[in-house]
Amino acid sequence: MATEPLNDAEGLTLDHITVRFGGLLALDDVSLRVTPGRTVGIIGPNGAGKTTLFNVVCGFVAPQSGALTLDGKPFRPKPHHLTRRGIARTLQGVGQFNGMTVLENVLVGARSGKPEADAWEALERCGVAEHARALPGSLPYAKRKRVELARALAARPRILMLDEPAGGLDADEIRWLADLIQGAETTVLLVEHHMELVMSVCDEILVLDFGRPIALGSPAEIRTNDKVAEAYLGAAA
Ligand SMILES: Nc1ncnc2c1ncn2[C@@H]1O[C@H](COP(=O)(O)OP(=O)(O)OP(=O)(O)O)[C@@H](O)[C@H]1O
Ligand SMILES: [Mg+2]
């Protein structure tokens, strides 16, 4: 299959993003370029600013300074325009509406002219189609995490943002998740504490510590980076 030449401007960029919550610097001059098709990990100790970074990309948090671009154009994200712009996200934990069935929840994510077909395809892909008529609350946690993924995939995003998708999952479920991420034909932004998963699926990893970007590189580079080791040791102390 012929591939289009990659335009330098394609993809998502964060340019010198700073976010303050009162006196707390949640993101301190963070820049990141996310090239189409890549899987980019964002790691760091608790409170490092990972979810805040996602919230900036989704328009839930407006940065005090810095800018975003999407495909080379200024990007001022609004939560209700995200799927239209090709961006879908899962929430940390499980985020379903419990008064609705699994299928109805996943339909909320769909945006194309054929939402039913996209919802079913996403449910199949996540192995939860048999639970389509169930209420999410009646399912085990791991299944609910899969429904959360299906909801995001139903939007057929170009950029899939996953906030701690492995949280609370066992080794088998994490292997399944790794396969799904590796097989995804989209750009993936992955916030995750599970290092083995991050190291196995990411092309590139950004490390935050107290809002500051302390390292950016390949899994091999991040694994052997002294500053990264120090940040995690400090957090564990
Ligand atoms: N809306 C908010 N108002 C005030 N402070 C906030 C808000 N959102 C986040 N924070 C603070 O900003 C810092 C970064 O939080 P964030 O949730 O981005 O961290 P995180 O890296 O996702 O952590 P975790 O690994 O625990 O999910 C934390 O100190 C947090 O308490
Ligand atoms: Mg978080």
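Please read all numbers here as calculations on a predicted model, not as lab measurements. Every number for a ligand or one of its atoms is a count from 1 in the order of the listing.
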heavy-atom search around atom 12 (O) of ligand 1 in the protein gives L24 CD2, 3.2 Å
Quickly, which of V30, V19, T51 forms a side chain to side chain contact (heavy atoms under 4.5 Å, CB included) with V56? Name it, please.
-> V19
Do any of the N, O or S atoms of T51 sit under 2.8 Å from the Mg ion (ligand 2)?
-> yes
Please report which non-hydrogen protein atom sits nearest to atom 6 (C) of ligand 1, along with the residue it belongs to and the distance in Å to one decimal place.
-> F21 CD1, 3.2 Å
What do the steps show when you test D71 against R158 for salt bridge (charged side-chain N to carboxylate O under 4.0 Å, His left out), and what is the final call?
-> CA-CA 11 Å; D71 296 335; R158 289 191 299 155; 2.8 Å; yes
Do any N or O atoms from the side chain of E173 and from the backbone of D170 form a donor-acceptor pair under 3.5 angstrom?
-> no
Does a donor on one side chain sit under 3.5 Å from an acceptor on the other, for R89 and N55?
-> yes
Would a 4.0 Å cut-off, counted as strictly less than, catch a protein heavy atom around atom 1 (N) of ligand 1?
-> yes
Before signing off on this row, confirm whether G44 and ligand 1 have an N or O atom pair separated by under 3.5 Å.
-> no
For the pair D209 (side chain) and R212 (backbone), establish whether a donor and an acceptor sit closer than 3.5 Å, ignoring hydrogens and angles.
-> no
Of the listed options (V61, N46, I42), which comes nearest to atom 24 (P) of ligand 1 when hydrogens are ignored and any heavy atom counts?
-> N46
Among all protein heavy atoms, pick the one closest to atom 23 (O) of ligand 1 and tell me residue, atom and distance.
-> G47 N, 2.8 Å
Do you reckon V108 sits in the same ILVMFWY cluster as V102, going by side-chain contacts under 4.5 Å, direct or chained?
-> no
Would you kindly check if the NZ (Lys) or CZ (Arg) of R146 is within the cone defined by 45 degrees around the ring axis of W176 and under 6.0 Å from the six-membered ring centre?
-> yes
Got the closest protein heavy atom to atom 17 (O) of ligand 1, with its distance?
-> T51 CB, 3.7 Å
Under a single-linkage definition using a 4.5 Å side-chain heavy-atom cutoff for Ile, Leu, Val, Met, Phe, Trp and Tyr, are I17 and L24 assigned to the same hydrophobic cluster?
-> yes
Measure the distances from the heavy atoms of G49 to every atom of ligand 1 and state whether one is below 4.0 angstrom.
-> yes
Backbone or side chain, does any N or O of A26 fall under 3.5 Å from an N or O of ligand 1?
-> no
Considering only non-hydrogen protein atoms, determine which one is nearest to atom 27 (O) of ligand 1 and report residue, atom name and distance to 0.1 Å.
-> Q92 NE2, 3.0 Å
What residue and atom, counting heavy atoms only, is the protein's closest point to atom 15 (O) of ligand 1, and at what distance?
-> T52 OG1, 3.7 Å
